[in-house]
Amino acid sequence: MADKITSRNKSYSQWYVDIVIQAKLADYSPVKGCMVIRPNGYALWEKMQEILNRMFKETGHRNAYFPLLIPDSFIKKEAEHVEGFSPELAIVTRAGGDKLDEPLVIRPTSETIIWSMYKKWIQSYRDLPLLINQWANVVRWEKRTRLFLRTTEFLWQEGHTAHETAEQAQEETLKMLFVYQKFAEEYMAIPVIAGEKSESEKFAGAVKTYTIEAMMQDKKALQAGTSHFLGQNFAKAFDVTFQSRKGGLEYVWATSWGVSTRLIGALIMSHSDDKGLVLPPELAPIKVVIVPIYKNDTKTDIMNYADSLYKSLMGKYSVKLDDDDQNKPGWKFSEWELQGVPVRIEIGPRDMEKNQVVLARRDTGEKITVNKQHAAEEVKNLLEDIQNNLFRRAAGFRQENTFNTSGYGEFKEIINAAGGFIQAGWCGSPTCEAGIKKETKATIRALPLAHDGDGKKCIYCGGDAAVTAVFAKAY
RNA sequence: CGGGAUGUAGCCUAGGGGCUAGGGCGCCUGCUUUGGGAGCAGGAGAUCGGAGGUUCGAAUCCUCUCAUCCCGACCA
C-alpha cells in the first residue's frame, strides 16, 4: 500500500496535513493562509450546518445575513474590541478605482455591524429578545495559519442576541454553550469540557466568555466553540436602548456565540488514524459504501446482488455503491478508508453463494459476515456502535491524559513529558496565569462550570484557590 | 516577525557547468485483470518559481526576488 499519509508517531502535524490533503477535504489556495474547502470537506460542513441549524431554530433563533464590509469607525467604537482585533484586520482602502473616504474593514466578526442595526430595530422590551444567527465568512490576518484550524478566511456561524435583562442574556449564553456541547458530544463524538475562560483568554469586548474545550490525539487542547456574555458593552458603544416594562430607558443586554470550520480540524484530530479520516456516522456524508468484487464472468450476477442490497439500504442511510470498473477492490478499500466512510460492505462470489455480505467497520477495522436479509438491521446496529465507540474511545483517551496535581514541580513535569490536561487550583490572579504560561507554555483552557476552588491552593503562588482550572498546551 | 526547509510535467523526485532534462505515480489508448492500492504494450504532458548576472554554453555557479510548508513568537 502506498504511504500517502505520514504516521502520527513520525510527525503529528504532517499527519494532519496529509489527512486533509489526501482525503480531499481542502487544498491550499494561491493566497497565503487561505484554503479551498473541497467537496469532501464542504460536505462535512453542510452536515454540521444542517444539525446546528435545527438546534438553533429549536431554541428560537432565526437566520439572517449581514454585510461583509464594515465601516472602519464601527470597529473602533468598543474599546476592548478594537484593541483585540486591530492587528488582524484586512482593510479595503480603494474601490471603484478611487481611494475611499472611510476605509472598510472586512469583518473579523460582526458584532459592530449587527449592533448598529439592532439600534434601529429595538425600541421596546416588546422587541426583545432578538435572536439572530448568521452563517458567514470572516477574515482575520493571522501570522501563522493551519488548514481548518486557523486560516485567514474561514466559515462560521455567529449568533447575536439581545435581551431585556442580564439574567436572560446570561441564560442564553449558557444555553447555547450547552447546545454546542451536545453537538460536539452526540454528533461529532468529541467529549468537551464546558467552562468559562479566564480574563486573559476571553473575547475582546465580552464580559464573560465560555468555551467547549476538546483534547486532540496529541494531547493538546482545542477550543471548539465559544459563547459570550457581552453585558451592555456593545449596547453602550452603539447606543442601543429600549423602553422597559416600567417605562424607563435601558441599555440592552447581549450575547454572541460561534463555531467555525475549525470543527472539521477537531473532528480529524479526535478520531482519525494512520490509514486516513475516521468519521462518526452522525456526520459522515456517506455512511455506507458497497464494494462489489467480481471477475469478468461473475460481474453481472455480483452487480445484481450488490444492487439489490443497495436498493434495500438507500432509503435508510446515505449509501454509495462503488460500481467504478477502473479500480480493483483493494484500491477501493484503501480509498474509502482514507475518506473515513464508517461502514464498508464487501460483496464477492463467496458471499453471494452463501447469501451473505461482509461488513467492515472503519473505527476498528473489524470485519463481520452477516446474512444478507439481516444486513440493513446489522448496519444500523453497527453505525450506532461506531458512533458510541468513537465517543467512548475519545473520552477514555482524555481521561487517561487528565491529571490532578497540587505541586508546581509535578505540573511542569507532566506538561513537559506526558502532556495532556491538568486540573489544578488557581487563585484567579493574572500574574500567576502569565507566569505559568511563560514557564510551561500551558494556558488555562477552561474554568469548568460548577467548580469553585474545592479547598485547593493555587498551583503557582500557593494562595487559596478561587477556582479549579484546566491547564494545557493548546492549538 | 524570527529559525529551518523546499520550489524541475497534475503529484513525488534524479541530475550540482556541456549534447535530445531521466525515472516513479497519476493521466490517455488497447488488451488482460479484479477477496487489501494489478500487469503488459503504446502515448500525451516541462519556457527546471521569477528577474538579473558570470560564461562560448546555466536546471546546475553568483546576486536579488517571489511563493509555500514546518517550528517558534503572536493570536476574538
Side-chain angles (χ1 to χ4, degrees), chain A residues 1-6 10-18 20-22 24 27-35 75 78 80-89 107-112 138-147 149-152 154 156 158 197 200-206 209 211 223 225-228 230 233 256-260 262 275-276 291-299 302-303 322-338 344-353 356-358 360 365 367 369 437-438 441 443 473-475:
Chain A
M1 174 171 154
D3 276 337
K4 285 186 162 182
I5 295 175
T6 306
K10 195 174 164 204
S11 166
Y12 191 80
S13 56
Q14 191 57 47
W15 166 82
Y16 175 79
V17 171
D18 288 349
V20 171
I21 301 296
Q22 298 299 334
K24 299 185 175 72
D27 205 348
Y28 295 106
S29 90
V31 177
K32 179 178 167 62
C34 294
M35 65 186 274
I75 301 284
E78 210 287 331
E80 285 183 49
H81 194 62
V82 61
E83 195 188 331
F85 277 112
S86 57
E88 44 188 297
L89 295 179
R107 65 181 160 218
T109 179
S110 301
E111 271 79 4
T112 58
V138 289
V139 166
R140 297 176 188 181
W141 218 261
E142 300 284 357
K143 291 232 173 14
R144 185 176 171 200
T145 55
R146 298 172 69 103
L147 294 165
L149 299 175
R150 177 172 287 108
T151 46
T152 300
F154 58 95
W156 77 344
E158 45 181 326
K197 283 290 186 186
S200 74
E201 297 275 336
K202 78 174 171 54
F203 171 64
T209 289
T211 179
Q223 178 177 299
T226 48
S227 185
H228 313 289
L230 301 174
N233 290 350
S256 70
W257 28 273
V259 296
S260 71
R262 176 181 248 202
K275 290 162 115 181
V291 178
I293 302 157
Y294 48 77
K295 298 187 189 305
N296 278 336
D297 55 343
T298 55
K299 184 175 174 182
I302 295 286
M303 285 311 294
D322 187 353
D323 58 358
D324 183 348
D325 207 21
Q326 302 306 309
N327 296 309
K328 292 176 65 171
W331 191 93
K332 293 177 180 176
F333 293 173
S334 299
E335 186 61 22
W336 292 116
E337 279 167 3
L338 175 58
R344 178 179 70 245
I345 304 181
E346 306 174 5
I347 294 177
R350 294 203 294 272
D351 304 307
M352 193 171 64
E353 227 170 80
Q356 65 188 25
V357 299
V358 173
K367 290 188 188 188
T369 303
K437 182 176 179 182
K438 191 165 181 225
K441 288 176 185 164
T443 51
K473 289 185 190 170
Y475 276 96

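The figures here come from the full heavy-atom set of this structure, side chains too, leaving out hydrogens, waters and symmetry mates. Keep in mind it's a predicted model, so treat the numbers as computed, not measured. Each chain gets a letter, A, B and so on, in the order the sequences are listed, and its residues count up from 1.
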Handout entry: From B/G36, B/U34, B/G37, nucleotide with atom closest to A/Leu338 side chain
Key = B/G37
Problem - Euclidean distance for P, B/A59 against B/U47 (whole angstrom) - result: 13 Å
Practice task
Report yes if the side chains of A/Ser13 and A/Arg146 come closer than 4.5 Å at any heavy-atom pair, otherwise no.
Solution key: yes
Problem - Assigned partner base of B/A5, Watson-Crick or wobble definition, under 3.5 Å - result: B/U68
Handout entry: d(CD, A/Gln22; P, B/C11) in whole Å
Key = 12 Å
Practice task
Kindly indicate whether the side chain of A/Asp351 and the base of B/G35 share any N or O donor-acceptor pair separated by less than 3.5 Å?
Solution key: yes
Handout entry: B/C28 versus B/G10 - spacing of their P atoms, nearest Å
Key = 15 Å
Exercise for the section: Between B/C40 and B/G49, how far apart are the P atoms? Round to whole Å, please. Expected result: 32 Å
Completion exercise
Any strand, both distances under 3.5 Å, Watson-Crick or G-U wobble: B/C75 pairs with none
Problem - Gap in Å between the two C1' atoms, one belonging to B/C62 and one to B/U54, rounded - result: 7 Å
Practice task
For A/Ser13, answer base if it contacts any base atom (sugar-phosphate contacts may also be present), sugar-phosphate if it contacts only those atoms, and nothing otherwise; contact means non-hydrogen atoms under 4.0 Å.
Solution key: sugar-phosphate
Problem - Touch class at under 4.0 angstrom, heavy-atom based, for A/Gln223 against every strand present - result: base
With 3.5 Å as the limit, what N/O pairs link the protein to nucleotides 28-33 of chain B?
unit_1	atom_1	unit_2	atom_2	d
B/U33	OP2	A/Asn296	ND2	3.1

Problem - Test log, rule side chain to side chain contact (heavy atoms under 4.5 Å, CB included), inputs A/Thr145 and A/Tyr28 - result: CA-CA 11 Å; A/Thr145 55; A/Tyr28 295 106; over 6 Å; no
Handout entry: Residue matched to B/G10 through Watson-Crick or wobble contacts both under 3.5 angstrom
Key = B/C25
Handout entry: Touch class at under 4.0 angstrom, heavy-atom based, for A/Glu88 against every strand present
Key = sugar-phosphate
Handout entry: Closest nucleotide among B/G35, B/G37, B/C70 to the A/Trp331 side chain
Key = B/G37
Handout entry: For atom CD of A/Glu335 and atom C1' of B/U34, their distance in whole Å
Key = 17 Å
Fill in the blank from the handout: Of A/Arg344 and A/Gly84, the one whose nearest nucleotide on RNA chain B sits closer to the 5' end is A/Arg344
Exercise for the section: Could you tell me whether A/Lys299 contacts a base, only the sugar-phosphate backbone, or nothing, with contacts defined as non-hydrogen atoms closer than 4.0 Å? Expected result: nothing
Handout entry: Distance, P atom - from B/U63 to B/C70, rounded to whole angstrom
Key = 28 Å
Problem - Protein-nucleotide distance (A/Lys473, atom NZ; B/G72, atom P), rounded to Å - result: 9 Å
Exercise for the section: Using a 4.0 Å heavy-atom cut-off across all strands, classify A/Pro349 as base, sugar-phosphate, or nothing. Expected result: base
Practice task
Would you kindly check if the NZ (Lys) or CZ (Arg) of A/Arg150 is within the cone defined by 45 degrees around the ring axis of A/Tyr475 and under 6.0 Å from the six-membered ring centre?
Solution key: no
Problem - Any-strand Watson-Crick or G-U partner of B/C40, both distances under 3.5 Å - result: B/G30
Practice task
Scan A/Lys367 against the nucleic acid and name what it touches under 4.0 Å (heavy atoms): base, sugar-phosphate only, or nothing.
Solution key: base
Practice task
Give the C-alpha distance, both sets of side-chain angles, the deciding distance and a yes or no for side chain to side chain contact (heavy atoms under 4.5 Å, CB included) between A/Thr152 and A/Val31.
Solution key: CA-CA 9 Å; A/Thr152 300; A/Val31 177; over 6 Å; no
Practice task
With RNA chain B as reference, determine whether A/Tyr294 or A/Cys34 sits nearer its 5' end, using the nearest nucleotide of each.
Solution key: A/Tyr294
Exercise for the section: Please determine, for the side chain of A/Tyr28, which listed nucleotide (B/C75, B/C70, B/G35) has the closest atom? Expected result: B/C70
Completion exercise
Rounded to whole Å, the CZ-C1' distance (A/Arg146 to B/C70) equals 9 Å
Problem - Test item: A/Ile75 and A/Pro108 side chains (from C-beta on) under 4.5 Å apart, heavy atoms - result: yes
Practice task
Nearest whole angstrom, please: distance from the P of B/U34 to the CD1 of A/Ile347.
Solution key: 18 Å
Handout entry: Nucleotide opposite B/U47 in a Watson-Crick or G-U pair, distances under 3.5 Å
Key = none
Completion exercise
Here the distance between atom C1' of B/C70 and atom CG of A/Asp18, to the nearest Å, is 12 Å
Handout entry: Gap between atoms CZ and C1', on A/Phe333 and B/G36 respectively (whole Å)
Key = 6 Å
Pairs of donor and acceptor atoms involving the side chains of residues 323-330 of chain A, under 3.5 Å and at least two apart or interchain, shall be tabulated with distances.
unit_1	atom_1	unit_2	atom_2	d
A/Asp324	OD1	A/Gln326	N	2.7
A/Asp325	OD1	A/Tyr294	OH	2.6
A/Asp325	OD2	A/Lys299	NZ	3.2

Exercise for the section: Please step through side chain to side chain contact (heavy atoms under 4.5 Å, CB included) for the pair A/Ile21 and A/Leu147, ending with a clear verdict. Expected result: CA-CA 9 Å; A/Ile21 301 296; A/Leu147 294 165; 4.1 Å; yes
Exercise for the section: Look at the rings of A/Phe154 and A/Trp156 and say which category their plane angle falls in: under 30° parallel, 30 to 60° tilted, over 60° perpendicular. Expected result: perpendicular
Problem - NZ/NE/NH1/NH2 to OD/OE distance under 4.0 Å, A/Glu80 and A/Lys202 - result: yes
Exercise for the section: Scan A/Val291 against the nucleic acid and name what it touches under 4.0 Å (heavy atoms): base, sugar-phosphate only, or nothing. Expected result: nothing
Handout entry: A/Lys332: salt bridge (charged side-chain N to carboxylate O under 4.0 Å, His left out) partners, not counting sequence neighbours
Key = A/Asp322
Practice task
Could you work out the separation of B/U13 and B/G7 based on their P atoms and round it to a whole Å?
Solution key: 7 Å
Handout entry: Of the listed nucleotides B/C1, B/C75, B/C70, the one nearest the side chain of A/Lys143
Key = B/C1
Practice task
Decide, for B/G16, between syn and anti: a glycosidic angle within 90° of 0 counts as syn, anything else as anti.
Solution key: syn
Problem - B/G50 to B/C66 separation - P atoms, rounded to the nearest Å - result: 15 Å
Handout entry: Nucleotide opposite B/A59 in a Watson-Crick or G-U pair, distances under 3.5 Å
Key = none
Exercise for the section: Name the nucleic acid region contacted by A/Val31, choosing base, sugar-phosphate or nothing; use a 4.0 angstrom heavy-atom cut-off, strictly under. Expected result: sugar-phosphate
Problem - For B/U54, the Watson-Crick or wobble counterpart (both distances under 3.5 Å) - result: none
Practice task
Starting from P on B/G35, measure out to NZ on A/Lys332 and report it in whole angstrom.
Solution key: 10 Å
Practice task
Determine, step by step, whether A/Gln22 and A/Leu338 satisfy the side chain to side chain contact (heavy atoms under 4.5 Å, CB included) criterion, reporting the C-alpha distance in whole Å, the side-chain angles of both residues, the deciding distance to 0.1 Å, and the verdict.
Solution key: CA-CA 8 Å; A/Gln22 298 299 334; A/Leu338 175 58; 4.1 Å; yes
Exercise for the section: Provide the distance between the two P atoms, one in B/G30 and one in B/G22, to the nearest whole Å. Expected result: 28 Å
